[in-house]
Amino acid sequence: SSSGLENQIFQYIDLHQNEFIQTLKEWVAVESDSIQPERRQNVTQMVELTADRLRAMGATVELVKLCSHKPDVQSLLLPPLILAELGKDPQKPTVCFYGHVDVQPAKKEDGWKTDPYNLTEIDGNLYGRGATDNKGPVLAWINAVESFRALKLDTPVNHKFIIEGMEEAGSLGLEEIIKENQRFFSDVDYIVISDNLWLSNRKPALTYGTRGNICFSVEVQCGERDLHSGSFGGIIHEPMTDLIALLDSLVDTSGRILIPGVYDDVASLTEEEKKLYEAIEFDLEEYKNNTGVKKFLYDTKEEILSHLWRYPSLSIHGIEGAFHEPGIKTAIPAKVIGKFSIRQVPHMDISIVKRQVIKYLEDVFSKRNSPNKLKVSVPISAMPWVADINDPLYTAARTAIKTVFGQDPEMIRDGATIPIAQMLQNITRKSVMMLPIGAADDGEHSQKEKISRYNYIQGTKLFATLFLEIAKLHGQLQEASNTTTAN
Ligand SMILES: NCCCC(=O)N[C@@H](Cc1c[nH]cn1)C(=O)O
Ligand SMILES: [Zn+2]
Ligand SMILES: [Zn+2]
């Protein structure tokens, strides 16, 4: 149950909810799509808007220029990264929040019922691109910090912020910046990321792991230009046919990856882990309804969760150079590039998997006796992340969730990849936690992305309560360590 102080803050948040929604509406209106290079100016504008919001709250903001060492034609136009801080009391713990203010592309004609850049409330849901991924959660955190200030309450923790504008494009340049700014993290005690969803539409969750990802490009080229299939079809080895055979050799109908050795380093399932999965309330029908898919590869909760969270998977994403528009075009493309990725898990090693995949594709290709040129590359990769759920940060979050939502959270992992989670854990050696506020049916990246008014506002309360819980816990931890030192 909540304390008098919490009730005062909750009341403030409830009273100001329409203002919080109005700010979210202003943020959603900025088309900060980081995928399409022509929208990069909007991403920079969004980063500046965020910086202004933080400054208005009294934070010191540094805009760090991103300079990617990876090949990106648009690298000169990369938006800056925000490193900000508010409060420097050495008696208080310092919590660093990570979020991103760029979004996935969205067009009304993709099938949106509402204008994706005009936050629209329907039946308690706030529809719009970025509403849940990730503008809503970033603002919820800011609203929570702001609520203490507005009520003239002493802030329980010092705050640091790392906010980026290139997450949806693979967090270009981020790792270099974090390494170059290690001093910024030197006094950080806890790191919180809120960039994923609950497992259910109604039950809150706390996330302690994500899969990594290795993205592959497979290029097959026969000549310099496309050819007429009437004039050349039947007398040449077509690149597209080679590529389809290569892509088809990667995974079988049961979802098993066919690359030899790929499963060798996958951690074995422990009894403790099995118990964690068994304890989770998981509504398979609700999950299917959220996705619109009628049948999954697996039927039980344990199989589904373990194959999403702790086993690797391989997905084929697309083919560059192939004709994909409506109508018929009778050409033979000269060069095609297949894109697929492997979500990898502990203890798979990125460089070993890369070697295994390249060798396998070269073997399959050589059996085809094709004179075409094959090139395999890895444009981006990210490590998986797993945290210790017994860490005090998780204890604080569980208590805060119980206070705000009246129930214990599901302890979950996420099948997707948040590259910064492992990066921050490795570089700073501090506790990292993912604390989602969006529900499973929020439709990240889809044509009906939303966050509910309830989740946005309760999420704001959750973050405010977390600050208080971390402060309490930190006090206890400090006391305990002082006693130990005195002894
Ligand atoms: N629920 C949070 C999802 C975040 C996300 O979608 N991350 C991307 C990052 C990525 C991985 N490989 C290339 N980009 C994802 O696809 O997991
Ligand atoms: Zn996101
Ligand atoms: Zn996203």
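Remember, it's 1-based here, ligands and their atoms both numbered in the order they're listed.
Take a cut-off of 2.8 Å around the Zn ion (ligand 2): the protein N, O or S atoms inside it are His100 NE2, Asp133 OD1, Asp195 OD1, Asp195 OD2.
Residue contact annotation: Glu168 has no non-hydrogen atom under 4.0 Å from ligand 1. Taking a 4.0 Å cut-off on heavy atoms, Glu167 registers as neighbouring ligand 1.
Contacts between Ile418 and ligand 1 below 4.0 angstrom, taking non-hydrogen atoms only, involve the side chain exclusively. Looking at Gln104 against ligand 1, nothing comes within 4.0 Å, counting heavy atoms.
Of all atoms in ligand 1, listed by their number and element, those nearer than 4.0 Å to a heavy atom of Ala416 are 3 (C), 17 (O). Atoms of ligand 1 lying under 4.0 Å from at least one heavy atom of Glu444, given by number and element, are 1 (N), 2 (C). Annotation for ligand 1: atoms under 4.0 Å from non-hydrogen atoms of Asp195 are 1 (N), 2 (C).
With respect to atom 12 (N) of ligand 1, the closest heavy atom belonging to the protein is Asn213 ND2, 2.9 Å. Protein heavy atom at the shortest distance from atom 7 (N) of ligand 1 is Thr417 O, 2.8 Å. From the protein, the heavy atom lying nearest to atom 16 (O) of ligand 1 is Arg343 NH2, 2.9 Å. Summary of contacts: the protein heavy atom closest to atom 6 (O) of ligand 1 is His445 CE1, 3.5 Å.
Note on ring orientation: taking the six-membered ring where Trp is involved, the planes of Tyr287 and Phe282 are tilted (angle from 30° to 60°). Between Tyr454 and Phe405, the ring planes lie perpendicular to each other; the angle is over 60°, past the 30° to 60° tilted range.
Polar contact with ligand 1: absent for Asn196 (N/O pair, distance under 3.5 Å).
Partners of Ser171 according to the side-chain hydrogen bond (donor to acceptor under 3.5 Å, both in side chains) rule, which considers only residues two or more places apart in sequence or in another chain, are Glu164.
No donor-acceptor contact under 3.5 angstrom links the side chains of Arg413 and Asn196, judged on distance only. Using modelled atom types, one finds a donor on one side chain and an acceptor on the other under 3.5 Å when comparing Tyr456 with Asn143. Side chains of Lys25 and Gln22: no donor on one and acceptor on the other come within 3.5 Å.
With salt bridges taken as basic N to acidic carboxylate O contacts below 4.0 Å, one links Lys295 and Asp299. Between Lys179 and Glu175 there is a salt bridge, since a side-chain N of the basic residue sits under 4.0 Å from a carboxylate O of the acidic one. With respect to Lys203 and Glu286, no salt bridge is recorded, no charged nitrogen being found less than 4.0 Å from a carboxylate O.
The cationic atom of Lys160 (NZ for Lys, CZ for Arg) lies less than 6.0 Å from the six-membered ring centre of Phe184 and within 45° of the ring axis.
Atom OH of Tyr311 sits about 12.5 Å away from atom CD1 of Ile257, to the nearest 0.5 Å.
Summarising the contacts of atom 14 (N) of ligand 1 with Thr132, Ile380, Thr207, Asp442, the nearest heavy atom is found in Ile380.
Ring centers of Trp141 and Phe467: under 6.0 Å apart, within the cut-off.
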